[in-house]
Amino acid sequence: MTDVDIDSSIPNNVDLAGDRRLRRALESWRPRFIEWWKGLGPVAFQDNDVYLRTAIAVGQEGWANFDYIKMPDYRWGIFLADRDADRRVGFGDHRGESVWQEVPGEYRADLRRLVVVQGDTEPASVEQQRALCLTAPSLYDLRNLFQVNVEEGRHLWAMVYLLHRYFGRDGREEADEMLERHAGDGDNPRILGAFNEPTPDWLSFFFFTYFTDRDGKFQLASLRESGFDPLSRTCDFMLKEEAYHMFVGATGVGRVVQRTVELMQEHDTDDVGPYGGVDVATLQRYLNLHYSVSLDLFGAETSTNAANYYAAGLKGRFQEAARDDDHRLLDAARTVPCVTNGRVTAREAPALAALNETLRDDYVADCRKGLDRWNRMLADVDRELVLPHVGFHRSVGEFASHRLSPDGRLLSEDQWSAGVSAWLPTDEDRTHVESLMVGVHEPGRMAGWIAAPATGVHQKPVDYEYVRV
Ligand code: BYC
């Protein structure tokens, strides 16, 4: 077990007290983080008491504490999962060697890039979601939004710790730049596409936490396999918190679906908009948008970056150890989708080069599970939600230069223009969804477009005062 220093100005289990230079460097980054949080974090409720979970340890039992806290006072800490002294690199050219406790010189640039890309997404999502607190459908949801936000802040701390501790001066500069790029900024945007898209309403938020946070799950799980042990242990612990973020998305969309079904039955119509609901076609369009934007986050179908990361032992596959192969992939091949002679087809590619696609496949399978649950409710009204074709509305990789319909047909530009209003959120959809967004602040009460959750947080009732407003 690693000792936890919970009373330090930066709670940690990485012995900051024993490294004065590092502690002082992080302490000098802290005011800039707080300034960023106050300036670009939630636009309101910064002085209210919020019932939040705070990480305080890394063991199986009791790793978090629940209490009222004002968000700027949240104890953002640095926690790495416990070290396994016998851990070995599980894949690539170094398979079987002891994992590294310091950054190998030859992999420094690649590792730094991975840490920076990962880190950049965390504050980005907080920025994207900053105005949502004004229109939360309940106090329960408001609290969940803030929980997600403070933990994304902690995930930024996790990456900033790695940059400061292991990457010297350029690491410190990268840490500063995390607070200088901003989601959607014309001059200095966030690194990955999906993190520059606005999250203008709660329906978008739930789909974002379902689809985009799930990319986080798969990327973090791949980085957890890393031969660079501090990165692996950091991601291992981040995944604990990440699970809740996806729960917020899965149950959030599920509650909207439930309410839609209720309204359809009550009024005997598909068109629940006039009754203050979101109809299934609109849900499908929001799903199409967030799913396709999240698919882009896995990169191109074949990537020398991905092959190099794997060969070097920096980034593995999802659940690497459970795979029944040589974990080097030097001679392996697989097919990847492509467009040839006006047809969507597949081509063979080296498995090493196709690792982004392999991770995307795992992600797609995981996405289906939530849909199955939502569709069990929708079956009562004879409707269903579907995942669009992987080539629909893509901006990265093979499909970026083609137009595909959600069912995977190649389209001309004219056909696309004629169909797009059925496939992606329209201005009308957005106006309607926006009209439903009203803040509800009475404990236990829900806005009319969403059903109540089945249970509250941490054994508290649904009508608990999760935020003291
Ligand atoms: N937008 O070789 P390729 C999370 C760039 S989410 C813009 O295929 P690679 C979270 C790419 O950088 C998880 N650019 O790329 C969720 C490359 O540029 P260079 C975040 C893109 O490197 C919710 C070029 O295109 N973590 O935690 O194989 C809330 C060629 O592409 C995009 C990670 O992503 C894009 N979507 O794969 C909060 C893990 N895609 O090098 C948090 C770390 C690609 O030619 N990152 N490009 O200049 C990685 O492993 C890889 O960087 C990527 C890209 C998988 C993202």
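Ligands are counted one by one from 1 in listed order, and the atoms in each one are counted from 1 as well.
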Below a 4.0 angstrom heavy-atom separation, can you tell me which part of [X], side chain or backbone, both or neither, approaches ligand 1?
X	result
Asn305	side chain
Ala300	both
Leu220	neither
Phe211	neither
Val117	side chain
Glu152	side chain

- Task: From the options Ser303, Cys235, Pro123, Gly216, select the one whose nearest heavy atom is closest to atom 3 (P) of ligand 1.
- Result: Ser303
- Message: Looking at non-hydrogen atoms alone, which of Leu192, Val116, Asp213 comes nearest to atom 23 (C) of ligand 1?
- Response: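 Going through Leu192, Val116, Asp213 one by one, Asp213 has the nearest heavy atom to atom 23 (C) of ligand 1.
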Could you establish whether [X] and ligand 1 come within less than 4.0 Å of each other, counting only heavy atoms on the residue side?
X	answer
Phe218	no
Glu242	no
Leu359	no

Below 30° counts as parallel, above 60° as perpendicular, anything between as tilted: where do the rings of [X] and [Y] land?
X	Y	result
Tyr51	His458	tilted
Tyr291	Tyr363	parallel
Trp157	Phe33	perpendicular
Trp202	Phe205	perpendicular

Any idea which atoms of ligand 1 are less than 4.0 Å away from a heavy-atom of [X]?
X	result
Thr121	4 (C), 10 (C), 20 (C), 27 (O), 38 (C), 42 (C)
Ser125	29 (C), 38 (C)
Ile191	7 (C)
Asp296	36 (N), 40 (N)
Asp215	6 (S), 13 (C)
Phe195	6 (S), 10 (C), 16 (C), 23 (C), 29 (C)

- Item | Among Glu242, His155, Arg154, the one residue meeting side-chain contact (heavy atoms from CB on, under 4.5 Å) with Phe237 |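 It is Arg154; the other options fail the test.
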- Item | Name of the residue among Asp236, Asp82, Asp229 meeting salt bridge (Lys or Arg N to Asp or Glu O under 4.0 Å) with Arg87 | Asp229
If we ignore angles and hydrogens, is there a donor and acceptor under 3.5 Å between the side chains of [X] and [Y]?
X	Y	value
Arg323	Gln319	no
Trp423	Gln284	no
Asn305	Ser303	no
Glu301	Asn356	no
Glu197	His290	no
Asp429	Thr426	yes

What residue and atom, counting heavy atoms only, is the protein's closest point to [atom], and at what distance?
atom	value
atom 20 (C) of ligand 1	Gln118 OE1, 3.3 Å
atom 37 (O) of ligand 1	Asn356 ND2, 3.7 Å
atom 1 (N) of ligand 1	Gly193 N, 2.9 Å
atom 11 (C) of ligand 1	Arg113 NH2, 3.9 Å
atom 16 (C) of ligand 1	Thr212 O, 3.4 Å
atom 51 (C) of ligand 1	Lys315 NZ, 4.5 Å
atom 53 (C) of ligand 1	Leu297 O, 4.2 Å
atom 54 (C) of ligand 1	Gly299 CA, 4.2 Å

- Test side-chain hydrogen bond (donor to acceptor under 3.5 Å, both in side chains) applied to Tyr310 and Lys315, Arg317, Glu225, the passing residue: Arg317
Is there a protein heavy atom at a distance of less than 4.0 Å from [atom]?
atom	answer
atom 30 (C) of ligand 1	no
atom 25 (O) of ligand 1	no
atom 47 (N) of ligand 1	no
atom 5 (C) of ligand 1	no

- Item | Side-chain heavy-atom pair Lys460, Phe66 within 4.5 angstrom cut-off | no
- Query: Considering only heavy atoms from C-beta outward, does the side chain of Phe399 approach that of His389 to under 4.5 Å?
  - Reply: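 They are in side-chain contact.
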- Message: Between Tyr107 and His94, is the ring-ring contact (aromatic ring centres under 6.0 Å, His included) condition met? List the steps.
- Response: CA-CA 12 Å; Tyr107 302 141; His94 300 283; 5.7 Å; yes
- Message: Just checking Asp331: does its CG atom have more than 12 heavy atoms from other residues, nucleotides or ligands closer to it than 6.0 angstrom?
- Response: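 It does not: Asp331 CG has 12 such atoms or fewer within range.
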